Amino acid sequence: MRIPGTAAVAVLFFFIPFFMWPDPNGSVLDRYSVIPDTESTNTEHPEKNTVQEEKTVQKSEKDISMARGIAALYVPAKTGSFGIFSRNPDNAALFPLIAGYDNFSSTFFELQADSVTYRLNRVCGIPSRAERTRDGITITYTIDKKASVQVAMTFAASSPQRSPDALRMAITTTNTGKQARTFSLRAVFDTILGEESFTHFSTAAKDQINAECLFETMKNDRWILSKNAENGIQFLVYGTGITSPNRVYLGNKDVIAASWIPGIKKDRSFNSVFSYNNSAIGINWNSSVLQPEASGTVTFYIVVSSEGRTPAGSDLLATLSGQQTVPASAGPAEAEKAAPAVLPAPVEPRPEVEFTVESIKDEQLDPAYIQRLIDKINSLESNDTTIDRQELLRLNAELDAILQKLRQK
């Protein structure tokens with residue numbers, strides 16, 4: 001069948017490898033098909049070459065890229081978002097592991113400060129600053145008079161014998177306001193690799209996921225894998241040194257991005273009115289109350305692969321459980337305070353409880369009271385053997401009612 005001219009152009013454009021796509025900013029992706037390990041190269045005077053390991057921090061309002069081993073990062077200045085790539089070890093060619101249109105802005109973090117949600121990129125009006133550090137890239141987002149969010153992406157290795165094939169993601173929220181606030185964090189990753197294969201996602205416990213689903217605990221599933229025939233990206237969200245999420249959502253990208261709590265329908269396809277076979281991952285973490293100038297950090301890992309291999313997330317989890325420090329390329333400052341794994345609420349449905357918005361008293365709205373309640377929930381959830389599920393359900397119901405009443409104020 002003859003293809004009309006405009007359709008032929010569209011088909012041709014669709015098959016152009018991503019790293020050859022033009023970028024409207026004239027970014028590094030426009031100029032290179034590889035990201036070198038060194039920051040700059042002077043061929044006339046080699047003694048002036050600047051190797052990245054020797055440079056501590058480089059702040060920039062320009063596009064920033066960096067690579068280690070088979071992993072690479074790219075931060076476009078226009079959006080303040082980020083791209084994640086695998087890198088061929090033979091020719092250093094780059095392959096995108098998340099959707100790159102609109103300068104990667106369909107992948108993002110969101111912060112909820114009390115009842116207000118902020119999508120952390122410049123497209124949504126949030127100022128950001130990117131810094132190239134010794135072992136990665138850090139993006140700092142600023143919400144005026146409320147919060148600062150630092151996304152530190154540090155190169156790591158899944159085992160001591162490997163070159164870097166992973167990223168340690170440490171997201172630190174600091175209360176810059178003058179009063180205590182309740183903060184919540186979520187991440188949305190617009191994945192692409194599974195859309196090219198027969199399996200959109202898999203986990204440690206599920207070999208194939210091709211429809212929407214919700215995880216209320218990742219204790220057994222441990223990670224989410226998106227992979228095609230050549231490359232893979234694996235999100236480690238449960239284990240030693242990892243902050244366990246409150247919920248993990250797999251669904252259509254538009255559904256995941258539209259709401260803090262996406263309207264997931266079990267076994268519904270990844271289609272929507274606006275897109276076909278377009279899947280994404282949503283990760284929500286527990287809320288915390290931060291006093292002025294106090295900070296809280298969420299930590300997880302991303303492992304990548306190339307050349308038809310599967311990401312070595314299982315090896316990284318084993319490495320993390322067998323040592324006190326973060327492996328490969330995470331300097332001393334990054335190896336502090338590995339976040340304890342916290343089990344989220346159990347999967348079973350909640351029974352009827354006595355807490356309603358109307359029953360909440362003023363003393364229950366006190367930030368110190370709320371923080372003690374959250375600490376108690378976390379303590380119960382982290383104890384597999386003596387967990388009191390009824391008490392846990394009661395405390396969660398109380399917290400839900402308190403947060404709902406705070407949003408009404």
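Given the structure is predicted, the values throughout are model-derived calculations rather than measurements.
- Under the ring pair (Phe, Tyr, Trp, His ring centres under 6.0 Å) criterion, Phe300 pairs with Trp285, sequence neighbours left out.
- A donor-acceptor pair is defined here as one N or O able to donate and one able to accept, closer than 3.5 Å; such a pair exists between the side chain of Thr243 and the backbone of Thr299.
- Using a 4.0 Å cut-off between charged side-chain N and carboxylate O, Lys265 and Glu212 make no salt bridge.
- Under the side-chain hydrogen bond (donor to acceptor under 3.5 Å, both in side chains) criterion, Gln208 pairs with Thr199, not counting sequence neighbours.
- For Asp190, there are no salt bridge (Lys or Arg N to Asp or Glu O under 4.0 Å) partners two or more places apart in sequence or in a different chain.
- For the pair Asp135 and Arg68, the salt-bridge criterion is not met [side-chain N within less than 4.0 Å of a carboxylate O].
- Identified under the ring-ring contact (aromatic ring centres under 6.0 Å, His included) test for residues 165-189, with sequence neighbours left out: Phe189-Phe235.
- Residues Thr79 and Arg122 bring no donor and acceptor atom of their side chains to less than 3.5 Å of each other.
- Taking a cutoff of 4.0 Å between a charged side-chain nitrogen and a carboxylate oxygen, Arg247 and Glu216 qualify as a salt bridge.
- With 3.5 Å as the limit, one finds no donor-acceptor pair spanning the side chains of Asn278 and Asn252.
- By the side-chain hydrogen bond (donor to acceptor under 3.5 Å, both in side chains) test, Ser202 is found to be paired with no residue, residues two or more places apart in sequence or in another chain being considered.
- Applying the side-chain hydrogen bond (donor to acceptor under 3.5 Å, both in side chains) test to Asn220 and every residue at least two apart in sequence or in another chain returns nothing.
- Using modelled atom types and a 3.5 Å distance limit, the side chains of Ser287 and Ser184 yield a donor-acceptor pair.
- For the residue pair Thr240 and Ser321, no side-chain donor N or O sits within less than 3.5 Å of a side-chain acceptor on the partner.
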